[in-house]
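Scroll down for the structure; my scribbles are underneath it.
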Amino acid sequence: MRSVKAIGALTLLSSTVSWSAALGATHMFNIPASTVPEALAAFQKQSGVGVIAKGADVQKIHVSPVHGMMDDQAALQKLLAQTPLQVQTLGKSSTLVVSRKPAPHVRKSGINDMEGLFVVGHRKSQTEKRTSNIVMDTVPYDPFENLGGNSSIASSLVLLPGVTGIVDGDEPRYVSLRGISPDLNHTTIDGVTLASVGETGSGTRRVNLQDIPAEMTSRTNVYKSFTAEQDADAIGGVIDMIPMSAFDHKGLYKYFDGYGIYSSYRGSVGHNGLKGYDPHMGAGAKGTISDTFGKDHQFGIILSSRYQARVRNSQKQYGNMGYTDSSGKVMTNPEDGDWNDRTAPISFQSGKFANAITTVGGSGKLEWRPTGTNLYASVMGWSYDRWEHSVMDKQDYNLTGTVSDQTDEGGTRKVNSIYIRRRQDQWDRHHSGVIGHVDWHRGRSNLVARAGYTWETYDNVSTYLAGRTYPKNVYANYDHNPADGSVYLLRSLTDPSIASSSKYALSTASVTRPHAWEGIPTARLDYTFNASPTSRGFGLVSGFQWRELTITNDVNEDEYGTGSDMTGQIDHTNYVAWKDRTPATFIGVNGYHYPWSSLKKNAAQSLYDSRVSDYKYRENIVDGYLSLHYQLKNTTFIAGVRVDNVNYSSWTPTISNGTVSAGKSKTNGSYINPLPSFDVVHHLPYQMNLHASYSRTIGRPTPGNIAQAANISCDGDGGDGGGVAECSITQGNPNLKPRRSHNFDISLDKWFNHNQGMFSVAFFSKWIQDDIYTMRTTEVIDNTLYDVRKPMNASSSNIKGVEVSLLNRNMKLWGQYFDASANATWLGGSMNYSNGTTMLRSHHLIYQPDVLVNGALTWHIPQIEGGLRATANYSGRYLTSLGATPNQNTGFGSLFTLNLAFWHQVYKGISFKYEVMNLANQQPKWLIGDELQYTNQMDNYGRGVYFHVIIH
């Protein structure tokens, strides 16, 4: 809970330089006689050492002038001489705290209250950005300002400039940086690479930030430009989560949050015949406790844990469409005939989803900072599980023949078949890691050794049943228009009872059990000499890193014979789902209790499907780098090179004449890349910093890009969303080359309001050779529509953009205090690629919107010891895959999200917090077309309401 009185009086003059390192630093001081805040501002500017002071402690206190060459400690002691003030250090980075000397009988408490702690966190984050030699953004952990019970890293990052949230239902799962695929980010905790098996064992490099809670971190840094000191395999950027430290505060820190959840969309729960799915309610709890101990408080410990169970019921309307000619014939592409500038539905597909999601896990960290030494050591570990029990009930009306009575808003087509489908999943994703960290410094040298191991597993048990019927002489009337933001919707049938009066035959019966695992051991050593923000002259940073990535995917699938009568297992209801006009029909059996032994197993197909998706991939990376620094009073030059050496092996099944071999064939490869970089940072007058940077980085193909023979997934939305197909087949390409990017960055930051406010503008341009894109086609296999996806190298691509951001904290207005941030990003890109026969050009990269706008406003209300916070995100539409022709390109629609929170203290140390997520009720849409001008999927997840009881 923030104390607004404290916040309003709190002043931070920031730096990343530790006080212990500054003891030996000498500067020329020229501080005139003035008030303490003015004098501390001058001291910070002339020394580069950060200071925090509460206004209540320093009001009306004046200091004598300080002039001459002296070390920082002597200057500050002389400045505060003859005043009732003292100096303390705060945290591992030893930010200085100036406060009144306590009375002899008063125990020193330091900054150990919630108000001071999170103010310090925000200011330290701003300090890191202001003193960084890299173009970067950072977001601190603040439990009051992080909204939603999940409070994931992904949810906090989407407020930064240039960051797009790639959503999973109603919340972000991955993030795209500057319009670049999430696979081209490098994601770490304390510099140690995080493992990721991808969505369903597909072997992508994107890290699921939805499962990583923010409470185990103090802040998350996003590095957008590169020196040799950053990991080389990132084109979008490097995301590094900085763990919380017990030395970040003094005294005991505790935060416990228990909350209830109301999800507004009920959907088919209660109508689908299945028990165990709540229509609306959920609950959760999370907590963090931290303290130091030992004779000299040289040890620190942090423990955090969380549990959440919530429902995420939804409805999805899929709009599979084609193009029509003047006679009403429906075509796949407008080039296939004499297109009449109209479209028509190929099928109506209504998906009803009941989802129960449970997350549980925790983290722990033990630290040691022996007094009188220059040593710091820590070990931390974490483990988080996410279980999702999902039911998809889907009803498809597949159409045939020409369109009659066609208008821009509707028409009539004959119904060819009706499919009733039920797929049940028990997704289980487990993420764990352990990291050891040793930090030693002496004089101008600093040595950091880190070693860690992270791993992730994915498991599922998926049952899938489908029944079909072929009605006679039944026609469907439809309306709406995909060009106007809707999908085609079934308005009526010439025989309204056809779904309930027909006989159904079993068309699909399968049980799938995939298992994927990835593990990454990492070891790295980094040495710094004379390269701190206050250093002068020559310095260097050098180091090496080794890591090994291993991923395996093993699928066991049982396919059963079809054709038997299942009419008695079909339930007809009066429930009409969102956007539907006809009552819903369900398969009325639980797939996990289905008598599978009564069906004849298709042994040959089962064996094929079980082997074709299996693969193994191993990658060894050895990097070494040298970065030379030369620092003048106001200018820093950095030139360096990183050498990236990789060798890899993949094991994939061999397919011959429709038969998959029991063994696997091995393919080896390797590449080495010298990656130079050059950076200049100049500190202009009026608290302005200018950055200019050039670097070369690479984007590795994902393991699944290289190793997969075929990965078959049936998740109801074409593999990764946006596909009208029921299932997807993702194939690998062992001939892929890594992307190579030339990165240019320039930025200007202006700081104001005692370094609590910042205006920034940044321009970047990336020229990417051998970019990798996903070629998408559609195929009908065993009466099921599949999206078939294969990675390909593009000849080249480029992207450029401008980021503008404004941040100001602790603004006083009408006697109240406000924090505000706003940013906007404009992006433009293009890609040259081949569809196998023709060279094509896309004016967008995959995951690249044209516009991003984010904002947040917090009103601190002292009368109730609380606050009001609103966050808003807008992302323009973007590509998700390229089709064999541009008309088959798919994408995600523009999305606006507004979240609101209010909190207040009800008793000392106890607060209530209320949140509404997606207040504007804007829902995801998926698009198709050469300009993504048609809607082909609409989702509805409703809103989320949270009520928290917080003890702090």
Side-chain angles (χ1 to χ4, degrees), residues 16 18 90-95 117-118 120-125 127-128 136 138-143 146 151-157 186-195 207-209 211-223 231 238-250 252-255 286-293 298-306 361-369 375-384 431-440 446 448-456 520-524 526 545:
T16 59
S18 68
L90 178 68
K92 190 174 72 174
S93 65
S94 302
T95 301
L117 179 63
F118 296 120
V120 169
H122 283 282
R123 306 291 171 74
K124 286 175 72 175
S125 293
T127 293
E128 188 158 9
M136 66 167 293
T138 181
V139 57
Y141 167 64
D142 185 325
N146 285 27
S151 62
S152 69
I153 296 295
S155 298
S156 60
L157 288 180
H186 189 86
T187 306
T188 61
I189 292 182
D190 194 20
V192 173
T193 301
L194 291 179
V207 172
N208 189 338
L209 297 174
D211 295 339
I212 300 177
E215 61 260 23
M216 66 185 285
T217 69
S218 64
R219 64 192 182 279
T220 300
N221 294 339
V222 178
Y223 301 102
D231 286 283
V238 175
I239 300 171
D240 187 28
M241 287 160 269
I242 310 300
M244 183 180 289
S245 171
F247 300 117
D248 285 342
H249 55 89
K250 292 196 173 183
L252 175 67
Y253 163 73
K254 61 183 183 296
Y255 182 90
K286 56 188 175 182
T288 303
I289 186 168
S290 171
D291 203 357
T292 57
F293 61 97
Q298 70 271 34
F299 296 103
I301 189 169
I302 302 172
L303 298 173
S304 70
S305 63
R306 65 159 49 209
S363 67
K365 184 178 181 182
L366 181 64
E367 301 173 278
W368 180 47
R369 191 177 67 180
L375 184 67
Y376 167 85
S378 68
V379 60
M380 71 173 294
W382 67 92
S383 184
Y384 291 93
H431 190 94
S432 300
V434 60
I435 297 174
H437 180 125
V438 177
D439 189 326
W440 174 85
N446 181 237
V448 180
R450 284 166 285 189
Y453 182 67
T454 64
W455 67 97
E456 184 174 67
I520 303 179
T522 301
R524 60 181 299 171
D526 300 277
Q545 178 177 195

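What's counted below: heavy atoms across the whole structure, side chains too, no hydrogens, waters or symmetry copies.
- Within the 4.5 Å cutoff, no side-chain heavy atoms of Asp291 are placed close to those of Phe293.
- How far CG of Asp142 is from OG of Ser156: 11.0 Å, rounded to the nearest 0.5 Å.
- The main-chain N or O of Thr193 is found under 3.5 Å from a side-chain atom of Thr454 such that the two form a donor-acceptor pair.
- Looking at heavy atoms from C-beta onward, Val379 lies out of side-chain contact with Trp368 at the 4.5 angstrom threshold.
- Between the OG atom of Ser290 and the NE2 atom of His249 there is a distance of 3.0 Å, given to the nearest 0.5 Å.
- The distance from atom CZ of Arg450 to atom CD1 of Ile189, rounded to the nearest 0.5 Å, is 12.5 Å.
- Judged purely by atom type and a 3.5 angstrom limit, Lys365 has no side-chain atom pairing as donor or acceptor with the backbone of Ser378.
- Note that the CE atom of Met216 and the CG atom of Leu303 stand 12.0 Å from one another [nearest 0.5 Å].
- Of all heavy-atom pairs between Ala195 and His431, the closest is O-CE1, 3.2 Å.
- Met241 pairs with exactly one of Thr188, Asp190, Leu209 by the side-chain contact (heavy atoms from CB on, under 4.5 Å) rule, that one being Leu209.
- For the residue pair Ala246 and Glu367, the shortest heavy atom distance occurs at N-OE1, 2.7 Å.
- With 3.5 Å as the limit, one finds no donor-acceptor pair spanning the side chains of Ser304 and Thr288.
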Applying side-chain contact (heavy atoms from CB on, under 4.5 Å) to His437 and Met380, what does each step give before you reach the verdict? CA-CA 9 Å; His437 180 125; Met380 71 173 294; over 6 Å; no
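- Separation of atoms CD (Glu215) and OH (Tyr255) is listed at 9.0 Å; rounding is to 0.5 Å.
- Between Tyr453 and Trp455, a ring centre-to-centre spacing shorter than 6.0 Å is recorded.
- Between Ile153 and Ala214, the shortest heavy-atom contact is CD1-CA, 3.8 Å.
- Annotation for Trp440 and Asn446: closest pair O-ND2, 3.1 Å, computed over non-hydrogen atoms.
- For the residue pair Asp231 and Gln545, a side-chain donor N or O sits within less than 3.5 Å of a side-chain acceptor on the partner.
- Taken from OH in Tyr376 to OG in Ser245, the straight-line distance is 4.5 Å, to the nearest 0.5 Å.
- A 4.5 Å side-chain heavy-atom check between Val438 and Leu375 finds at least one atom pair inside the cut-off.
- For Asp240, the salt bridge (Lys or Arg N to Asp or Glu O under 4.0 Å) criterion is met by no residue, not counting sequence neighbours.
- Nearest approach of Tyr141 to Thr217, heavy atoms of both residues: CB-O, 3.3 Å.
- Shortest non-hydrogen contact noted between Gly300 and Phe247 is N-CZ, 4.0 Å.
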